[in-house]
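Sharing a structure, written as structure tokens. Questions coming.
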Amino acid sequence: MFAGLPLVWFIAAPFLPEQVFWFPFWLGAVIWNGADGQGGISHVFG
């Protein structure tokens, strides 16, 4: 089921508003880099 979500997301992309389309990418960047760009889980890996 989870493997199908990205496929559904990209099929629906032309019909989504731009801000909704970019949300998963923004969320991933915030988790990886932190909200201020200085934290997040990237520091765990060095």
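Since the model is a prediction, treat every value here as computed from it, not as a measurement.
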TODO: Check the hydrophobic clustering (I, L, V, M, F, W, Y; side-chain heavy atoms under 4.5 Å; chains of links allowed) and say if Leu16 and Val8 are grouped together.
DONE: no
Open item on the list: Is there a side chain to side chain contact (heavy atoms under 4.5 Å, CB included) between Val20 and Trp9? Walk through the geometry before answering.
Closed with: CA-CA 10 Å; Val20 175; Trp9 187 262; 4.1 Å; yes
Task: Partner set under side-chain contact (heavy atoms from CB on, under 4.5 Å) for Trp22, not counting sequence neighbours - done: Glu18, Phe25
Open item on the list: Tell me whether the rings of Phe21 and Phe10 are parallel (<30°), tilted (30 to 60°) or perpendicular (>60°).
Closed with: perpendicular
Open item on the list: Grouping I, L, V, M, F, W and Y whenever their side-chain heavy atoms are under 4.5 Å apart, do Trp32 and Trp26 come out in a common cluster?
Closed with: yes
